[in-house]
Amino acid sequence: MKLKQLIESFSSLSEFSGVDLEMEVTGITDDSRNVKPGMLFVAIKGYQFDGHDYIRDAAKNGASLIIGEAVQPNIGDTPYVLTKNSRKMLGQLCKTFYGNASDNKIVIGVTGTNGKTTTCYLLKHLLEKAGYSTSLIGTIEYVINGQTSKSLNTTPSALLIHQMMAQSTDQVVIVEVSSHGLTQYRLEGITFDYALFTNLQHDHLDYHHTMEEYFEAKALLFDKLKPDGKAVINIDDTWGQHLAQRLLAKNVETITIGHDEKATFKLLSKKGKDIQVDTEGSVETIYSTLIGMHNVYNLAMASGVIVDMGYTIDHINDSLKDFAGIPGRFETLAIIDGVHYISDYAHTDLALQYCIDSIRECKANKIIHIFGFRGNRDSTKRVPMLQTSHRLSDYTILTTDDLNGTYEEEMKQTYETLVEEAQLEDHIDIIMDRTIAIQEAQKIAQPGDYVILTGKGPESYKEEFQMGTHSDKETVLQLKLMQY
Ligand SMILES: CC(=O)N[C@H]1[C@@H](OP(=O)(O)OP(=O)(O)OC[C@H]2O[C@@H](n3ccc(=O)[nH]c3=O)[C@H](O)[C@@H]2O)O[C@H](CO)[C@@H](O)[C@@H]1O[C@H](C)C(=O)N[C@@H](C)C(=O)N[C@H](CCC(=O)O)C(=O)O
Ligand SMILES: Nc1ncnc2c1ncn2[C@@H]1O[C@H](COP(=O)(O)OP(=O)(O)OP(=O)(O)O)[C@@H](O)[C@H]1O
């Protein structure tokens with residue numbers, strides 16, 4: 001594609017003055033190692049590396065044009081464009097290079113602290129049952145045209161996301177939208193038909209610093225709605241209420257979900273797993289297959305979209321009958337000697353509350369909760385999470401999650417301090433080897449008890465443990481084998 005075609009939609013072309021606009025651009029990358037002759041290289045100042053340090057490598061590899069935020073480096077004949085925001089520029093260029101793909105599909109973005117993955121999988125299932133082919137880009141995997149690949153980020157880089165959008169021949173693309181992705185312009189140039197907000201809870205404050213900053217990051221998704229795009233907001237969440245008010249003031253069509261009298265998709269009551277809803281005057285029941293109040297919200301959010309697309313609650317009920325659930329989201333790993341082993345990806349205080357309450361819904365005798373905190377991540381959520389675990393479960397075992405470079409001994413000391421700070425004395429233990437912690441739980445559990453493992457979900461262990469297993473599921477299945 002010629003450079004002039006690539007930038008013709010830009011409002012200002014002054015940055016490109018002096019550059020040959022007739023040049024052919026054969027590809028775009030922000031990684032010097034991937035530059036091939038004729039490609040355009042965008043230098044990004046990152047958290048780990050600075051792409052500007054690799055500009056000479058990119059030129060040596062044959063880049064036709066280099067774009068960056070630093071003053072012109074000495075790179076011989078290779079033209080250089082100075083821009084204010086390389087990340088944004090990367091998204092804008094990719095949008096045109098990959099054919100404005102999101103403009104021509106139904107694109108649904110789901111953001112919020114918790115429930116993104118679950119809501120996305122519910123949406124995928126309900127849409128496929130309605131006959132739509134559906135791509136999914138999220139935390140667990142990327143699924144494009146039925147082909148699955150490993151997820152690198154919940155929201156991938158602008159380059160990857162535009163490439164996947166173009167590659168997808170599916171009618172719908174569902175995107176899990178992280179606040180990191182939004183603030184890093186990974187979604188620049190992507191437009192949405194539906195944008196969903198599940199909730200905002202205390203998390204990622206190592207990155208966003210304050211809840212207000214975190215909220216504003218999430219709110220950026222709603223600026224990316226197509227002109228006739230719609231917002232779907234959980235207004236039982238106070239941040240959701242705030243967002244809905246803001247969007248309604250801007251005349252953005254907004255579907256509100258919640259118990260509030262004013263909600264467009266009103267939640268009336270929950271009996272067991274069944275949810276009674278009022279969709280603009282018509283009261284119906286959704287026969288859910290999912291446990292827990294949090295999943296009432298997730299299902300209501302997905303249903304809000306499906307109903308708006310013209311499908312009935314009957315369609316939702318028929319479709320839910322064979323919904324298989326989601327790996328590591330309240331997943332039963334095994335039942336050994338009458339003891340249930342559950343894996344859940346809860347990593348906030350409220351998620352833990354929902355998760356442990358869900359086990360109570362299953363009529364558990366005793367609940368043994370095993371979890372840990374990630375090294376070098378938001379530490380302000382640790383005390384409330386520990387207090388919640390101790391209050392709602394019968395026995396808490398603190399163990400290792402990903403250490404992310406923190407020494408195990410240091411994390412152990414952190415745990416000891418946390419236990420002291422939270423003034424917890426009984427029914428709590430610290431066992432740093434995650435596999436041994438699970439084995440110890442097995443020793444004390446009785447038939448009818450539940451052992452709940454939170455934090456890791458289906459993810460592989462980053463650390464090595466005594467049993468040599470690589471995930472909570474493998475550990476539990478190994479214990480089952482050892483038993484018989
Ligand atoms: C801190 C952070 O968010 N980093 C993300 C960011 O990396 P970055 O842009 O800072 O990249 P970098 O590695 O410092 O490199 C800078 C530049 O130098 C270039 N480079 C580097 C080396 C070289 O030889 N040549 C070269 O050109 C790189 O290609 C890059 O363009 O952009 C990358 C591409 O989009 C992301 O993969 C990467 O995610 C890292 C791996 C990460 O762990 N991020 C987490 C915090 C995250 O984003 N999480 C959210 C989910 C959060 C949730 O649970 O809700 C997510 O969306 O995944
Ligand atoms: N609507 C919700 N409200 C609060 N907690 C929830 C909700 N939905 C799920 N959870 C809890 O959060 C955990 C993660 O759920 P899910 O993967 O759907 O969220 P997520 O937003 O995609 O998180 P991540 O991006 O970290 O994967 C679940 O295992 C459950 O404990």
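The first residue of the sequence shown is numbered 1, and numbering continues consecutively from there. Note: hydrogens, waters and symmetry copies are ignored here, and every other heavy atom, side chains too, is used. Order of listing sets the numbers, starting from 1, for every ligand and every atom in it.
- When only non-hydrogen protein atoms are considered, atom 22 (C) of ligand 1 lies nearest to Arg33 NH2, 3.2 Å.
- Taking atom 17 (C) of ligand 1 as the reference point, the nearest protein heavy-atom neighbour is Ile44 O, 3.4 Å.
- Residues Tyr207 and Ser179 bring no donor and acceptor atom of their side chains to less than 3.5 Å of each other.
- Taking atom 20 (N) of ligand 1 as the reference point, the nearest protein heavy-atom neighbour is Tyr54 CD1, 4.0 Å.
- The shell of residues lying under 4.0 angstrom from ligand 1, judged by heavy atoms, includes Lys116.
- Of all atoms in ligand 2, listed by their number and element, those nearer than 4.0 Å to a heavy atom of Asn199 are 1 (N), 2 (C), 3 (N).
- Phe373 has its ring centre less than 6.0 Å from the ring centre of Phe371.
- The closest approach between any non-hydrogen atom of Asn298 and ligand 2 is below 4.0 Å.
- One finds a salt bridge joining Asp394 and Arg360 here, because a Lys/Arg side-chain nitrogen approaches an Asp/Glu carboxylate oxygen to under 4.0 Å.
- Atom numbering of ligand 2 starts at 1 in the shown order; those under 4.0 Å from a heavy atom of Tyr354 are 3 (N), 4 (C), 5 (N).
- Aromatic rings of Tyr461 and His470 (six-membered ring for Trp) have centroids beyond the 6.0 Å cut-off, not under it.
- One option in Arg377, His52, Arg87, Glu176 has a heavy atom closer to atom 9 (O) of ligand 1 than any other, and that option is Arg87.
- The protein heavy-atom contact nearest to atom 22 (O) of ligand 2 is Thr117 OG1, 2.5 Å.
- Each of the following atoms of ligand 2 lies closer than 4.0 Å to a heavy atom of Ala351: 5 (N), 11 (C), 12 (O), 31 (O).
- Nearest to atom 18 (O) of ligand 1 by heavy atom, out of Ser157, Gly46, Gly51, is Gly51.
- Ligand 2 places these atoms under 4.0 Å from at least one heavy atom of Glu176: 22 (O), 25 (O).
- Inspection of the Asn234 and Thr198 side chains reveals no N or O donor paired with an N or O acceptor under 3.5 Å.
- Between atom 30 (C) of ligand 2 and the options Leu352, Asp236, Ile326, Asp344, the minimum heavy-atom separation is to Asp344.
- The nearest heavy-atom contact from the protein to atom 25 (O) of ligand 2 is Lys116 NZ, 3.2 Å.
- For ligand 2, the polar-atom distance check finds an N/O of Asn114 within less than 3.5 Å of one of the ligand's N/O atoms.
- For His369 and Ser389, the side-chain atoms include at least one donor-acceptor pair closer than 3.5 Å.
- Ranking the protein heavy atoms by distance from atom 41 (C) of ligand 1 puts Asn153 ND2, 4.2 Å first.
- Below 3.5 Å of separation, one finds an N or O of Thr113 facing an N or O of ligand 2.
- Ligand 2 lies out of reach of Leu350, whose nearest heavy atom is not under 4.0 Å from it.
- A salt bridge does not link Glu213 with Lys218: none of the charged nitrogens is closer than 4.0 Å to a carboxylate oxygen.
- At least one side-chain heavy atom of Ile75 sits under 4.5 Å from a side-chain heavy atom of Ile66.
- Using a 4.0 Å cut-off to heavy atoms of Asp31, the atoms of ligand 1 that qualify are 25 (N), 26 (C), 27 (O), 29 (O).
- Among protein heavy atoms, the minimum distance from atom 18 (O) of ligand 2 is reached at Thr118 OG1, 2.5 Å.
- Of the candidates Gln48, Gln184, His180, it is Gln184 that places a heavy atom closest to atom 2 (C) of ligand 1.
- Close N/O approach between Thr154 and ligand 2 is not found [any backbone or side-chain N/O within under 3.5 Å].
- Tyr194 is listed as a side-chain neighbour of Asp308, based on a closest heavy-atom distance under 4.5 Å.
- Taking the six-membered ring where the residue is Trp, the centroids of Phe215 and His242 are separated by under 6.0 Å.
- Judged by distance alone, the side chains of His125 and Asp322 do bring a donor and an acceptor atom under 3.5 Å apart.
- When only non-hydrogen protein atoms are considered, atom 27 (O) of ligand 1 lies nearest to Ser32 N, 2.8 Å.
- A salt bridge links Lys456 to Asp402: at least one charged side-chain nitrogen sits closer than 4.0 Å to a carboxylate oxygen.
- Residue Thr155 places a heavy atom under 4.0 Å from ligand 1.
- Looking at Phe49 next to ligand 1, an N or O pair under 3.5 Å apart turns up.
- In this structure, atom 44 (N) of ligand 1 is in close contact with the protein, since a protein heavy atom lies within 4.0 Å of it.
- Between the side chains of Thr256 and Thr264, at least one donor N or O sits under 3.5 Å from an acceptor N or O.
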Task: Test ring pair (Phe, Tyr, Trp, His ring centres under 6.0 Å) applied to His52 and Tyr54, step by step - done: CA-CA 5 Å; His52 297 85; Tyr54 301 96; over 10 Å; no
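- Close contacts of ligand 1 with Thr154, meaning ligand atoms under 4.0 Å from a residue heavy atom, involve 51 (C), 56 (C), 57 (O), 58 (O).
- Salt bridge annotation for Glu261-Lys266: present, with a cationic side-chain nitrogen under 4.0 angstrom from a carboxylate oxygen.
- Ionic pairing of Arg434 and Asp472 is present here: one or more N-O contacts between side-chain nitrogen and carboxylate oxygen are shorter than 4.0 angstrom.
- For ligand 2 and Thr139, the ligand atoms under 4.0 Å from any heavy atom of the residue are 25 (O), 27 (O).
- Side chain to side chain, Tyr214 and Thr113 meet the donor-acceptor criterion of an N or O pair below 3.5 Å.
- Among protein heavy atoms, the minimum distance from atom 55 (O) of ligand 1 is reached at His204 NE2, 3.2 Å.
- With a 4.0 Å cut-off on non-hydrogen atoms, Tyr47 touches ligand 1 through its backbone as well as its side chain.
- Salt-bridge annotation for Lys84 and Glu15: absent, with no side-chain N of the basic residue lying under 4.0 Å from a carboxylate O of the acidic one.
- Heavy-atom distances between Lys45 and ligand 1 stay at or above 4.0 Å for every pair.
- Protein heavy atom closest to atom 19 (C) of ligand 1, with residue, atom name and distance, is Asp30 O, 3.6 Å.
- Between Met165 and Val107, the closest side-chain pair of non-hydrogen atoms falls below 4.5 Å.
- Side-chain N/O atoms of Tyr354 and Asn295 include no donor and acceptor closer than 3.5 Å.
- The shortest separation from a heavy atom of Met301 to ligand 2 is not under 4.0 Å, leaving the residue out of contact.
- For atom 27 (O) of ligand 2, the candidate residues are Glu331, Arg329, Glu459, Gln201; the nearest heavy-atom contact is made by Arg329.
- Closest to atom 48 (O) of ligand 1 among all protein heavy atoms lies Arg186 NH2, 2.9 Å.
- Taking the side chain as every heavy atom from C-beta outward, Asn114 and Tyr345 never approach each other to under 4.5 Å.
- Scanning the protein for heavy atoms near atom 19 (O) of ligand 2, the closest one is Gly115 N, 2.8 Å.
- The heavy atom nearest to atom 7 (C) of ligand 2, considering only His294, Met293, His347, is found in His294.
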